[in-house]
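Below is one structure, written out as structure tokens; the observations come after it.
Just so it is clear: chains get the letters A, B, ... in the order the sequence lines come, proteins before strands, and each one is counted from 1.
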Amino acid sequence: MYTLVVCEKPAAARRIAQALGESTELRHGGISIFEVKNSAHHYKICTALGHLYGLNDVTKNKSVYPVLDLEWAPVAKNPQVIRAINAISELAKDASSFVHACDYDQEGEVIGHSILQYACGDKYAEALRAKFSTLTDEEIRDSFTNLAKPNWGLAEAGRSRHMLDFIYGVNLSRALIRSFKSIGRYRNLSIGRVQGPTLAFAVNREMEIRLHIPDPYWIITAEFDKDGQIFSAQYEKPKVDKPAEAKAIIDACVGRNGTVNNISDKESMLPPPVPFNIGDLQREAYNLFKLSPGYTLAIAEKLYLQALISYPRTSSQKLPSSIGYDKIISGLSKIGKYSQLVSMLLSKEKLVPNEGRMTDPAHPAIYPTGVVPRHKLSGLELRVYDLIVRRFLAAFGDTAVSRHINVTIDVSGYIFKAGGMTLTYEGWMVLYKPYVRFNQRKLPKLHKGDLLRNWSIEMEEKFTQPPYRYNQASILAKMEQEKIGTKATRADIISTLFKRNYLAACKGGLEVTDLGFAVIDSMREFAPSIVSTNMTRLMEEQLANVEQGSAHSMSVIEQAVDRLLESLASFIEKEDDIGAQINSAVSADTAQASVLGQCPLCKKGQLCIVRSRTTQKRFVGCSNYVGGCKATAPLPQKGSIRITGKACLECSWPLIGVVFARGTKQWRICINTHCISKKRDTT
DNA sequence: GCAAGGTC
């Protein structure tokens, strides 16, 4: 007889097995399990792959609406999941006791609960709970000597979360799709508790940008000469509202020398960066390499599967010493380009990382394992790996020191300011070198009372700028800040919004399409809670009550259903209008997305990407076709076409970009088959 | 065909 231990993922099962004693890995029904057998205990340790069970629509009929009858069922489309469930069911038959050892958070509680209830046969009540906050030997052993009762409230809260998200998300998505269908068209549309507010953030920003009225202001810059060194200073008021005021200052100062009035000279400490959690890594990779958060996660996962880095889907910014700094660092020293950096670290007396505040129930921050890559990493993999290694090393570096000098200069009673910023001690920056952003600004040596020759003084008209567009990194940061979505799903949600064509990439970040606006508009009118973060707040509050036992899951869900049905009733009433509105938005978007540029033949129409009705193939045609223009051009049928907005230098027909796979290079071609550039290629 | 949440 043995104790069956249920874990959330293979990596955790392995760690737990190692912590509990000498373990052997066995194959059972096509999946790996671990056995630990000694005089005190006999454990069989099995693992899930995240959720093995999820919610299903009982009717399984996608045209039923609204759908309110849900059931928990195996995640059937994944054959690995089915194998895992079968193996666990087998092992449960001969088990004398059960330990729930999934991550100690809400989703982990649900994962273990479903397995114990559905795969093991109602064993949740009798199972004991291992509670650990990181997968270190010590914590795992501790949690097994102090096993707790299962937390029904937490499991119930988690299960309710699944229900609420499904009921709201699926029904409102079906409502959108139906309204579009009601005017005879089809398109995949969706909305949900996280998609809604995320899209709304972008819509609000877009509105701020469009409604921004630029206000003029003037800046006054003077240049001073100190022993042949010229430096610039700004008038103390950074924005002067009136041109007359600026003019008066210039008139009073022009040709007048300045006197150094005041000097402050301060040192400031720049602590090392904290180690990466997934959000920090995604942001940094976007800012440095312009990688989308989803792509960065995919690369990190690949590196993790090659054992080069630790588990990437973590929110922790901490590096406990139990990960074994020495082993990692000596491993990295075997990789040529890091050996010198590592020896710098090893000369330190003690290795102590700078850590951030955020923690994670199951994992430390992302760190390199020190394993030397066996295969050559691809370009982007190498960049992300290098970033993670250097960030890890930098976290152990010394605090850097910078020196800030601020001077004020008096010119006939008007005050100008100049600042210098230099690095006096590089510290950790050496370790993080290509990725450090520190702009030095030097001033000549100045003393109080120094007389400075006024070299020039100018005023320049500027305009207040609209707020920045969100980009993929900053909208992810906004989601983190507003606490919607999770570390594992935020990147997915953003890419869903792109896939639905609600968001589009544009210069300077991302923009909301007409379709995105139409969806938010109709939701704001009929189901405002789905596009506001209040829904998450209310849900969290109610689920906390469920967890503590002061509210029933059933009544929370019933209330939500009532609110939903109220929204849907008015939605259905206006179905045709909403459909028409979405339709016009979709047409506007596609029309815009397919224009390549002015037609070089008739010079009246626009060359557009169109699809042949008969062959369904895409090609380029002139919008002035009806007016008699016969300009056409073939297009490659595979790959995605990018509009460059540029014209061929040889023939002035539009240039297009073709991308065959994500992350591959864009192939730039002139669409004109008779272009001279092609003739040259063949001769 | 729809959500959000795990993980590979």
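Applying the salt bridge (charged side-chain N to carboxylate O under 4.0 Å, His left out) definition to pairs two or more places apart or across chains, those involving residues 184-194 of chain A are A/Asp165-A/Arg193. For residues 111-123 of chain A, no residue pair satisfies the salt bridge (charged side-chain N to carboxylate O under 4.0 Å, His left out) rule, not counting sequence neighbours. Note on residues 298-311 of chain A: pairs passing side-chain hydrogen bond (donor to acceptor under 3.5 Å, both in side chains), not counting sequence neighbours, are A/Glu301-A/Arg313, A/Lys302-A/Glu381. Pairs passing the ring pair (Phe, Tyr, Trp, His ring centres under 6.0 Å) check and including a residue from residues 515-535 of chain A, sequence neighbours excluded, read A/Phe526-A/Phe571. A ring pair (Phe, Tyr, Trp, His ring centres under 6.0 Å) check over residues 164-183 of chain A, counting only residues at least two apart or in different chains, returns nothing.
The ring pair (Phe, Tyr, Trp, His ring centres under 6.0 Å) test applied to A/Phe201 returns no partner, not counting sequence neighbours. Every residue meeting the ring pair (Phe, Tyr, Trp, His ring centres under 6.0 Å) condition with A/His162, not counting sequence neighbours, appears here in chain and number order: A/His51, A/Trp72.
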Name every donor-acceptor pair, under 3.5 Å, that has one atom in a side chain of residues 475-484 of chain A and the other anywhere in the protein, sequence neighbours excluded.
unit_1, atom_1, unit_2, atom_2, d
A/Lys478, NZ, A/Glu482, OE2, 3.1
A/Glu480, OE1, A/Arg283, NH1, 3.1

Using distance only, find each side-chain donor-acceptor pair of residues 539-551 of chain A under 3.5 Å and give its atom names and separation, not counting sequence neighbours.
unit_1, atom_1, unit_2, atom_2, d
A/Gln542, NE2, A/Gln559, OE1, 3.3
A/Ser550, OG, A/Asn545, O, 3.4

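A heavy-atom distance below 4.0 Å to DNA chain B is reached by none of the residues of residues 565-580 of chain A.
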### Candidate pair A/Ser587 and A/Ser584, rule side chain to side chain donor-acceptor pair (under 3.5 Å), full reasoning
CA-CA 5 Å; A/Ser587 331; A/Ser584 65; over 6 Å; no
#### Entry: Watson-Crick or G-U pairs under 3.5 Å in DNA chain B, rendered as dot-bracket with [ ] for crossing pairs and | for another strand
........
### Per-nucleotide protein contact string for nucleotides 2-7 of chain B, where B marks a base within reach and S marks sugar-phosphate only (heavy atoms under 4.0 Å, - for neither)
BBBBBB
